[in-house]
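Let me begin by presenting the structure, written as structure tokens, before commenting on it.
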Amino acid sequence: MMTQKTNVNCQTIQELKKSSECHLEHIFECGQCFRWNKYEDGYIGVAGGKVVYAYEKDDVICLEGAKEEDKNFWWEYFDLGRDYGEIKRELEKDEILKEAIKYGYGIRILKQEPFETLISFIISANNRIPMIKRAVENISIRFGDRIEFRGMEFYAFPTVEQLARATVGDLEDCGTGFRAPYIAEAVRKIIDEKIDLEEIKKLDTDEAMKKLMEFKGVGPKVADCVLLFSMQKFDAFPVDVWVKKIMQKFYLAPDVSLNKIRQFGKNKFGDLAGFAQQYLFYYARENKV
DNA sequence: TCCCAGGACTACT
DNA sequence: AGTAGTCCTGGG
């Protein structure tokens with residue numbers, strides 16, 4: 001029922017691909033999202049309660065299953081209003097970034113849902129990507145809405161109200177381990193204190209960060225990820241093990257602390273710190289720096 | 001079998 | 001202000 005091809009985004013993405021600014025593999029494998037999986041010639045993913053099959057054909061990228069009324073949603077989701085060529089030209093002034101951008105040329109920062117991003121990155125603490133993906137998937141299956149696509153079942157990430165029905169035990173069963181109580185407390189905090197993540201989004205980066213770190217299980221790294229991947233705070237600079245490695249190798253001493261690395265990145269790359277982080281992360285992990 | 005990776009919290013200095 | 005130990009799970 002939802003297998004009609006969309007042409008709403010194809011035309012735009014076609015141009016983007018020609019200028020090397022949109023490559024699905026780089027977008028989905030650079031550590032920012034957990035709900036896109038390889039399928040046939042592309043990826044199938046769930047976002048905003050919608051499923052699409054995204055693939056590249058010749059010099060066109062199609063979103064099969066996207067509805068006309070969701071045109072604007074996908075436009076925003078893939079950040080299509082932004083000129084990544086300009087961003088790259090600025091960052092390429094740095095020799096290390098120039099090299100990193102060669103690898104991750106088609107990266108775009110997805111505009112994801114704040115609640116889903118918050119919970120997903122709480123799960124990411126001291127965890128590996130396949131395990132995080134499994135836990136997020138299990139949570140969606142148990143508490144989210146079912147969506148059919150191409151004769152397969154998919155599940156939207158649950159709303160706050162839906163996830164409020166989960167006990168700590170339920171969340172442990174989903175594979176979240178010691179993070180289960182953090183998730184339950186975050187959901188409870190949002191409901192009890194009537195927290196609107198969209199309001200936090202309106203604050204400046206530092207203020208928003210403080211608010212996010214009031215959630216248990218949210219430290220500097222997780223907060224930076226939520227700011228960057230769901231609140232368009234592009235001056236955030238999440239430092240995970242890979243970014244730590246590459247920064248210590250190419251920019252700083254091998255024993256510099258996480259907080260120093262974070263400050264250095266924010267100062268060096270400014271409003272483009274988040275984009276720089278994505279290129280550096282992808283380069284470091286692909287090349288096992 | 002053990003050991004390791006992977007961030008945040010707690011409880012110390 | 002900085003830091004050792006602990007939390008959980010899967011894979012080598």
Side-chain angles (χ1 to χ4, degrees), chain A residues 28-35 37-38 112 114-142 163 166-190 195 197 200 205-206 208-231 233 236-249 252-267 273-274 277-278 280-289:
Chain A
F28 297 139
E29 307 287 351
C30 68
Q32 62 177 323
C33 56
F34 304 108
R35 303 221 62 202
N37 295 298
K38 281 204 170 91
Q112 303 181 69
F115 178 63
E116 173 175 348
T117 307
L118 174 66
I119 302 302
S120 298
F121 280 93
I122 286 175
I123 294 168
S124 80
N126 211 12
N127 209 350
R128 292 188 184 77
I129 289 173
M131 297 294 99
I132 302 164
K133 289 177 80 167
R134 184 181 302 179
V136 173
E137 188 67 22
N138 287 337
I139 286 173
S140 301
I141 290 170
R142 288 190 61 169
L163 199 51
T167 65
V168 172
D170 293 334
L171 294 165
E172 281 172 353
D173 293 342
C174 290
T176 59
F178 64 87
R179 309 151 194 94
Y182 298 157
I183 298 168
E185 280 187 47
V187 172
R188 181 184 302 272
K189 183 177 170 69
I190 288 171
I195 293 173
L197 295 175
I200 293 181
T205 306
D206 289 345
M209 172 133 191
K210 278 182 200 159
K211 286 288 178 195
L212 289 172
M213 285 180 62
E214 288 174 10
F215 288 101
K216 246 187 172 181
V218 179
K221 157 64 165 58
V222 171
D224 273 335
C225 287
V226 176
L227 291 168
L228 181 57
F229 302 138
S230 72
M231 297 184 174
K233 304 298 186 189
F237 193 76
V239 182
D240 71 345
V241 286
W242 292 106
V243 173
K244 174 173 174 278
K245 280 181 195 172
I246 195 168
M247 293 298 287
Q248 289 176 336
K249 177 165 180 176
L252 299 159
D255 59 346
V256 172
S257 73
L258 289 176
N259 191 41
K260 285 277 193 325
I261 296 171
R262 177 174 177 275
Q263 280 308 325
F264 179 89
K266 284 172 76 74
N267 289 337
Q277 189 271 358
Q278 287 298 94
L280 290 169
F281 172 89
Y282 195 61
Y283 178 80
R285 208 177 50 153
E286 292 298 295
N287 294 281
K288 304 207 189 312
V289 168

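Treat the numbers as computed from the prediction; the structure is a model and nothing was measured. Just so we're on the same page: letters track the sequence lines, and every chain starts at 1.
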Length of the [atom1]-[atom2] vector between [X] and [N], whole Å:
| X | N | atom1 | atom2 | result |
| --- | --- | --- | --- | --- |
| A/Gln263 | C/dA1 | CD | P | 14 Å |
| A/Phe281 | B/dG7 | CZ | C1' | 14 Å |
| A/Trp242 | B/dG7 | CH2 | P | 11 Å |
| A/Ile261 | B/dG7 | CD1 | P | 12 Å |
| A/Met213 | B/dA8 | CE | P | 8 Å |
| A/Ile119 | B/dG7 | CD1 | C1' | 16 Å |
| A/Arg262 | B/dA8 | CZ | P | 11 Å |
| A/Ile122 | B/dG6 | CD1 | C1' | 16 Å |

**OP:** At under 4.0 Å between heavy atoms, which parts of nucleotides 5-12 of chain C does protein reach? Answer with one letter per nucleotide, 5' to 3': B base, S sugar-phosphate only, - none.
**Re:** --BS-B--
**OP:** Name all residues meeting the side-chain contact (heavy atoms from CB on, under 4.5 Å) criterion together with A/Ala166; count only those two or more places apart in sequence or in a different chain, and write none if there are none.
**Re:** A/Phe143, A/Leu163, A/Asp170, A/Leu171
Subject >> A/Ser140 and A/Arg35 side chains, donor-acceptor separation under 3.5 Å >> reply: yes
Would the distance check show the side chain of [X] and the main-chain N or O of [Y] forming a donor-acceptor pair, the cut-off being under 3.5 Å?
| X | Y | result |
| --- | --- | --- |
| A/Arg179 | A/Asn126 | yes |
| A/Arg285 | A/Glu29 | yes |
| A/Gln277 | A/Pro238 | yes |

**OP:** Hey, could you give me the CD1/CZ distance between A/Ile122 and A/Phe215, rounded to the nearest 0.5 Å?
**Re:**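 Reported to 0.5 Å precision, the distance equals 7.5 Å.
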Subject >> Gap separating the CD1 atom of A/Ile195 from the NZ atom of A/Lys189, nearest 0.5 angstrom >> reply: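 Between A/Ile195 CD1 and A/Lys189 NZ, I get 4.5 Å after rounding to 0.5 Å.
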**OP:** Kindly state which residues belonging to residues 215-223 of chain A come within less than 4.0 angstrom of DNA chain C, counting heavy atoms of the residue only, listed by number.
**Re:**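 Heavy-atom contacts with DNA chain C come from no residue of residues 215-223 of chain A; none.
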Original post:
Given the rule in the side chain to side chain contact (heavy atoms under 4.5 Å, CB included) test, do A/Val218 and A/Val226 qualify, once you have shown the distances and angles that lead to the verdict?
Top reply: CA-CA 10 Å; A/Val218 179; A/Val226 176; 5.8 Å; no
Original post:
Do A/Phe121 and A/Phe34 make the cut of ring centroids closer than 6.0 angstrom?
Top reply: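 Yes, the ring centres sit under 6.0 Å apart.
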